[in-house]
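One-based numbering along the sequence shown.
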Amino acid sequence: MMQTYRTEGNYRSADQLSAAELRAAMASREILQSTALAFDTARQLRFELGGVRAVMPFEQCADGAETGSVRDIAVLTRVGRPTCFVIEELGTDEACQPCYRLSRAEAQRMCKADYLDTLRPGDILPCTVTHIEPFGAFCDVGCGISALLPIDCMSVSRISSPADRVSVGQQILCVIKSRDVQGRFVLTIRELLGTWAENAAGFTVGETVVGIVRSVEEYGTFIEIAPNLAGLAESCQDLHPGQAVSVYIKNILPEKMKIKLVIVNHSLGQSHRFELHYFITEGHLDHWLYSTPDSPKRIETDFSVAACNPA
């Protein structure tokens, strides 16, 4: 059976599999998942598979754990969450009862060798947001292997926090922006969210739409009307970043990549976040140009350069 690599939480559950099914999965090295029930004093994660006890020793909880590069906190936070693994063996515990020995580290090594190491900058892949920091979001790119999606790669429009664009547990599509000599990915998503022209085509002069304030400057207020598109309205000091407003579209100027807005309602009284709309969903990108043909300002990404010059 060809192994398909997924983000953690998206593998076949081992909880209700029969003994024969678990033996078959062990023989084929199939990656399964189960919810970790405890991290015990012996520094191992405990599970129950088909009514049989299972353990994952600390050094098997993540690739690198055996060298000391993985901290306890990274393992104990797996408790109560779906955790992927391969079944290494069926033995007995200290009470001479059947006990499976599991390895998440081996599942991660398989994922790296067979999947992640075959990818290059510009490749599109599914990810799951695992946690958010002020500087970006960490994403699972397969079997719990983490990669960073920096805040400035989340959209062309400026945002104050990664939480303005994504949430923990959200499944998203990303592009590999670069990879370092250790093979760790840096991700980007803005290239999938459309060019200026593609986004502007969804709007018409004279209509009123929902917008989100992104920054308030002396010369005007930048308001996002789509994840990769913002316009400029009059300066208004009683607004703050993240505030939802309604705006009238006064003008759309492709040659300058500008949209002129008029604020209609200064506060909609509720939070708002645009859903991600992907203009590209699969394959590979060598180059991406956000700017319109007549605009003197060029916003672009050259993935071929990143592929030739790893960080």
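Counting only residues at least two apart or on different chains, no salt bridge (charged side-chain N to carboxylate O under 4.0 Å, His left out) pair has a member in residues 127-143.
The number of heavy-atom neighbours closer than 6.0 Å to CD of Gln16, taken from other residues, nucleotides and ligands shown, is 12 or below. With a 6.0 Å radius and a threshold of 12 heavy atoms from other residues, nucleotides or ligands, Arg53 has its CZ atom above the threshold. The number of heavy-atom neighbours closer than 6.0 Å to CD of Glu282, taken from other residues, nucleotides and ligands shown, is 12 or below.
For Gln60 (side chain) and Pro57 (main-chain N/O), no donor-acceptor pair under 3.5 Å exists by modelled atom type. Looking only at distances, no side-chain donor or acceptor of Gln108 sits under 3.5 Å from a matching main-chain atom of Ala105. Put simply, the side chain of Thr292 gets close to the backbone of Pro254: a donor and an acceptor are under 3.5 Å apart. Listed for the Thr221 side chain is no donor-acceptor partner under 3.5 Å among the backbone atoms of Val216. The closest donor-acceptor contact from the side chain of Ser246 to the backbone of Asn265 lies under 3.5 Å. Of the possible donor and acceptor atoms, none in the side chain of Tyr248 sits under 3.5 Å from a partner among the backbone N and O of Leu261. Within the 3.5 Å criterion, the main-chain N or O of Arg120 finds a donor-acceptor partner in the side chain of Asp123. Checking side-chain atoms of Arg81 against main-chain N and O of Glu8 turns up no donor-acceptor pair under 3.5 Å. In terms of modelled atom types and a separation under 3.5 Å, the side chain of Ser155 and the main chain of Arg190 share no donor-acceptor contact.
Between Val247 and Ile225 there is a side-chain heavy-atom pair separated by less than 4.5 Å. A 4.5 Å side-chain heavy-atom check between Arg6 and Thr4 finds at least one atom pair inside the cut-off. At a threshold of 4.5 Å between non-hydrogen side-chain atoms, the residues Leu102 and Val86 do not count as touching. Taking the side chain as every heavy atom from C-beta outward, Lys177 and Glu191 never approach each other to under 4.5 Å. In this structure the side chain of Gln171 never reaches within 4.5 angstrom of the side chain of Val129, judged on heavy atoms. Under the 4.5 Å side-chain criterion, counting only non-hydrogen atoms from C-beta, Ser291 is in contact with Met257. No side-chain heavy atom of Ser146 sits under 4.5 Å from any side-chain heavy atom of Phe185. The side-chain heavy atoms of Leu22 and Leu32, taken from C-beta on, include a pair separated by under 4.5 Å.
Put simply, Phe85 and Leu76 are part of the same group of oily side chains (I, L, V, M, F, W, Y) that touch within less than 4.5 Å, one to the next. Both Ile252 and Ile263 are members of a single hydrophobic cluster when ILVMFWY side chains are connected at heavy-atom separations under 4.5 Å. Phe135 and Leu149 are members of different hydrophobic clusters when ILVMFWY side chains are connected at heavy-atom separations under 4.5 Å. Following chains of ILVMFWY side-chain contacts shorter than 4.5 Å, one cannot reach Leu119 starting from Val186, and the two form parts of different hydrophobic clusters. A continuous path of hydrophobic side-chain contacts links Leu229 to Val156 [ILVMFWY only; heavy atoms under 4.5 Å].
Closest heavy-atom contact between Cys84 and Ile31: CB-CG2, 3.9 Å. The minimum heavy-atom distance linking Val141 with Leu116 is given by the pair O-CD2, 3.7 Å. Summarising the geometry of Ala65 relative to Val70, their closest heavy-atom pair is N-CG2, 3.6 Å, with the distance given to 0.1 Å. Here the closest heavy-atom approach between residue Ala137 and residue Val166 is recorded as CB-CG2, 4.1 Å. When all heavy atoms of Leu276 and Ile172 are compared, the pair lying nearest together is CD1-CG2, 3.9 Å. A pairwise comparison of heavy atoms in Ala38 and Val79 identifies C-CG2, 3.7 Å as the closest pair.
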*Evaluate the criterion side-chain hydrogen bond (donor to acceptor under 3.5 Å, both in side chains) for residue pair Tyr290 and Asn228; output intermediate values, then yes/no.*
CA-CA 9 Å; Tyr290 177 79; Asn228 252 9; 5.8 Å; no
*Check the pair Asn251, Ile259 against side-chain contact (heavy atoms from CB on, under 4.5 Å), reporting the backbone distance first and the verdict last.*
CA-CA 6 Å; Asn251 210 344; Ile259 297 181; over 6 Å; no
*Determine, step by step, whether Asp302 and Ser304 satisfy the side-chain hydrogen bond (donor to acceptor under 3.5 Å, both in side chains) criterion, reporting the C-alpha distance in whole Å, the side-chain angles of both residues, the deciding distance to 0.1 Å, and the verdict.*
CA-CA 6 Å; Asp302 191 342; Ser304 61; 2.4 Å; yes
*asked:* Walk me through whether Glu198 and Trp196 qualify under side-chain contact (heavy atoms from CB on, under 4.5 Å).
replied: CA-CA 6 Å; Glu198 287 171 333; Trp196 190 94; over 6 Å; no
_Please evaluate residues Val245 and Ile223 with respect to the criterion side-chain contact (heavy atoms from CB on, under 4.5 Å), reporting the C-alpha separation (whole Å), side-chain torsions for both, the decisive distance (0.1 Å), and the verdict._
CA-CA 9 Å; Val245 296; Ile223 299 173; 4.1 Å; yes
*Stepwise, does the side-chain contact (heavy atoms from CB on, under 4.5 Å) test hold for Ile299 with Lys297?*
CA-CA 7 Å; Ile299 300 173; Lys297 183 178 181 181; 4.0 Å; yes
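Once rounded to the nearest 0.5 Å, the distance linking CZ of Phe138 with CG of Leu187 reads 10.5 Å. Interatomic distance, CG of Leu45 versus CZ of Phe39, reported as 6.5 Å (0.5 Å rounding). Note that CZ of Arg104 is 8.5 Å distant from CD1 of Ile145, once rounded to the nearest 0.5 Å. Arg43 CZ to Met56 CE: the interatomic distance, rounded to the nearest 0.5 Å, is 14.5 Å. Note that OG1 of Thr35 is 7.5 Å distant from CD of Gln33, once rounded to the nearest 0.5 Å. Residue Glu300 holds its CD atom at 13.0 Å from OG1 of Thr195, rounded to the nearest 0.5 Å.
For an aromatic pair to be called close, the ring centres must be under 6.0 Å apart, and Tyr100 with Phe47 fails this.
A salt bridge links Arg29 to Glu106: at least one charged side-chain nitrogen sits closer than 4.0 Å to a carboxylate oxygen. Contact check on Asp40 versus Arg46 returns a salt bridge, with a Lys/Arg side-chain nitrogen under 4.0 Å from an Asp/Glu carboxylate oxygen. Using a 4.0 Å cut-off between a side-chain N of Lys or Arg and a carboxylate O of Asp or Glu, Lys260 and Glu234 do not qualify as a salt bridge.
Between the side chains of Ser161 and Asp164, no donor N or O sits under 3.5 Å from an acceptor N or O. With no hydrogens or angles considered, no side-chain donor-acceptor pair links Gln97 and Asp93 at under 3.5 Å.
Here Glu224 pairs with Arg165, Arg214 under the salt bridge (charged side-chain N to carboxylate O under 4.0 Å, His left out) rule; sequence neighbours left out.
Relative ring orientation between Tyr115 and Tyr5 is described as parallel, the plane-to-plane angle staying below 30° on a 0-90° scale split at 30° and 60°.
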